[in-house]
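Predicted, not measured: the structure shown is a model, and the values here were computed from it. All heavy atoms count here, side chains included; hydrogens, waters and symmetry mates do not. Here is the naming used below: chain letters follow the sequence lines, and residue numbers restart at 1 for every chain.
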2 protein chains.
Amino acid sequence: MSVFLSERKSFTTSFLKKSEWTRNAILDSALEFLWSQPFREMTVAKLMTIAGASRPAFYQYFTDLYDLMETLLRKLEVDILETTDPWFDGKGDPVAMLSESQAGLVRIGYDRGPILRAVADASSSDKRLELAWKKFLAAFDDAVVVRIEQQQQQGLIPAFDARSIAIALNRLDTSLLIHAFGRLPRNDPKPVHEALTRIWTSTLYGSGNESRLKTM
Amino acid sequence: MSVFLSERKSFTTSFLKKSEWTRNAILDSALEFLWSQPFREMTVAKLMTIAGASRPAFYQYFTDLYDLMETLLRKLEVDILETTDPWFDGKGDPVAMLSESQAGLVRIGYDRGPILRAVADASSSDKRLELAWKKFLAAFDDAVVVRIEQQQQQGLIPAFDARSIAIALNRLDTSLLIHAFGRLPRNDPKPVHEALTRIWTSTLYGSGNESRLKTM
DNA sequence: TAAAAAAACTGACATCGAGTCAGTTATAGA
DNA sequence: TCTATAACTGACTCGATGTCAGTTTTTTTA
């Protein structure tokens with residue numbers, strides 16, 4: 001079960017029905033696999049060898065590898081929503097809240113980068129998973145749009161088309177997290193957090209970044 | 001050969017050696033295919049049916065589908081470098097130059113979106129193509145870093161780690177272009193251009209976007 | 001322009017991974 | 001301990017890939 005599980009809780013615990021136990025063993029095996037190899041190397045056979053069961057047993061629990069990946073995506077989703085909370089619901093200084101939310105995102109990206117990458121990779125090969133991934137991203141787009149429009153009404157954020165900016169900023173986050181943390185060795189999280197915060201902040205609040213640009 | 005070829009020059013022209021002709025017919029078939037279906041649906045057999053030759057003939061010209069996609073990537077690269085020129089080499093108002101370069105990028109993204117998407121999709125399934133794609137992006141990262149550092153020395157851009165911002169902004173561009181134009185029907189290019197320009201501009205030059213945010 | 005050389009092409013084959021199923025084994029509950 | 005239910009497996013089919021020996025078509029050149 002290796003060192004790679006150290007950063008996360010294992011799915012397999014004692015006192016579970018055999019069926020649940022095996023399902024979790026498969027999920028654990030998938031995580032173990034994806035921490036060291038890209039999704040494209042994963043086959044049902046390899047996975048089940050790690051999990052210690054026969055290949056057909058896999059199909060007892062998942063319809064295919066993409067179905068399994070969707071399960072991992074759901075688990076990611078929950079954790080991301082949690083740590084992203086401050087900017088969406090917080091009451092204080094919006095810049096500080098934003099920085100905090102981005103910090104949470106970076107932390108999760110760092111802790112689960114290869115999984116995030118694997119889901120993104122896999123989603124381009126399967127219609128169903130692609131849809132799930134798209135919805136996952138769209139949910140964030142919607143949340144960011146709402147927050148931007150709220151703060152535009154308060155005069156905290158200048159007037160512009162909230163949706164296209166929200167989409168752009170969210171794409172920025174996902175692709176940068178995958179770029180920086182999607183494979184081992186992972187980048188240093190600090191500059192990633194700084195870059196994201198700088199870009200979001202200057203785009204939304206225009207602060208921290210006034211240029212010396214006058215005429216020219 | 002269809003309507004989809006209208007926006008681009010066909011590879012196949014007269015007076016070509018048979019060998020070159022067939023190779024180009026395959027490339028044309030790939031474009032035709034990718035304008036209407038995602039990469040994951042593409043098989044050598046389907047492609048060669050469109051191209052009008054036997055399946056094994058494909059391997060005369062390409063080692064596999066990823067090799068073919070790499071060829072399409074090279075062609076994209078050339079065109080992108082062209083239209084991106086203003087901000088990198090221009091002399092006038094940096095904000096205007098930047099907006100112009102982004103416009104070029106958006107135009108290419110719009111004209112070739114599905115191809116861009118197909119290359120990105122395919123790159124996650126193949127080591128070689130993944131590397132080519134990574135290098136393609138890294139080349140832009142480097143160019144942007146150089147330009148940012150130049151303008152930081154001139155005092156046009158505030159001091160910050162140019163590389164991480166460059167990487168972030170480039171990831172933003174690619175993923176947003178693919179999101180907006182990667183499949184039919186494509187989005188309206190105007191808000192995409194506006195969003196990109198707003199984000200790049202406020203991040204680098206801090207202009208066009210001063211917030212009413214004082215204390216709070 | 002016709003024959004030789006070179007190139008492009010093809011049918012048939014081997015391989016690999018996916019997904020299915022009928023039949024067997026193991027588990028959980030009474 | 002027995003039985004019903006759930007979990008598992010070996011063996012199969014299928015679809016796509018990549019290769020090769022042999023044939024056809026194109027190009028060269030005499």
Could you tell me the separation between the CZ atom of B:Arg128 and the P atom of D:dG18, rounded to a whole number of Å? 12 Å
Taken to the nearest whole Å, CZ/A:Arg40 to C1'/C:dG17 is 17 Å
On the nucleotide D:dC8, are OP1 or OP2 found under 4.0 Å from the side-chain N or O atoms that A:Thr22 carries? yes
Can you measure B:Phe58 atom CZ to D:dC20 atom P for me and round it to whole angstrom units? 17 Å
Over how many whole Å does the gap from B:Met48 atom CE to C:dA8 atom P extend? 13 Å
Are a donor atom and an acceptor atom from the side chains of B:His193 and B:Thr197 found within less than 3.5 Å of each other? yes
From the candidates D:dG18, C:dA18, D:dC8, the one with an atom nearest any side-chain atom of A:Ser54 is D:dC8
Take the protein atom CH2 of A:Trp21 and the nucleotide atom P of C:dA28, then report the distance between them rounded to whole Å. 13 Å
Between A:Pro56 and A:Lys46, which is nearer to the 5' end of DNA chain C once each is assigned its nearest nucleotide? A:Lys46
Does a sphere of radius 6.0 Å around NZ in B:Lys46 hold more than 12 heavy atoms from other residues, nucleotides or ligands, not counting ones at 6.0 Å or beyond? yes
Can you give me the closest heavy-atom contact between B:Glu149 and B:Ala162, atom names plus distance? CG-CB, 3.7 Å
Could you go step by step and tell me if B:Tyr66 and B:Phe62 meet the ring pair (Phe, Tyr, Trp, His ring centres under 6.0 Å) rule? CA-CA 8 Å; B:Tyr66 303 104; B:Phe62 304 98; over 10 Å; no
If only side-chain N and O atoms of B:Tyr59 are considered, is one of them under 4.0 Å from the OP1 or OP2 phosphate oxygen of C:dC9? no
How many whole angstroms separate atom CD of A:Glu41 from atom P of C:dG17? 10 Å
Whole Å only: how far is the CZ atom of B:Arg55 from the P atom of D:dT17? 7 Å
In whole Å, what is the span from the CD atom of A:Gln60 to the C1' atom of C:dG19? 13 Å
Which nucleotide in the set C:dT10, D:dT17, C:dA18 lies at the smallest distance from any side-chain heavy atom of B:Leu65? D:dT17
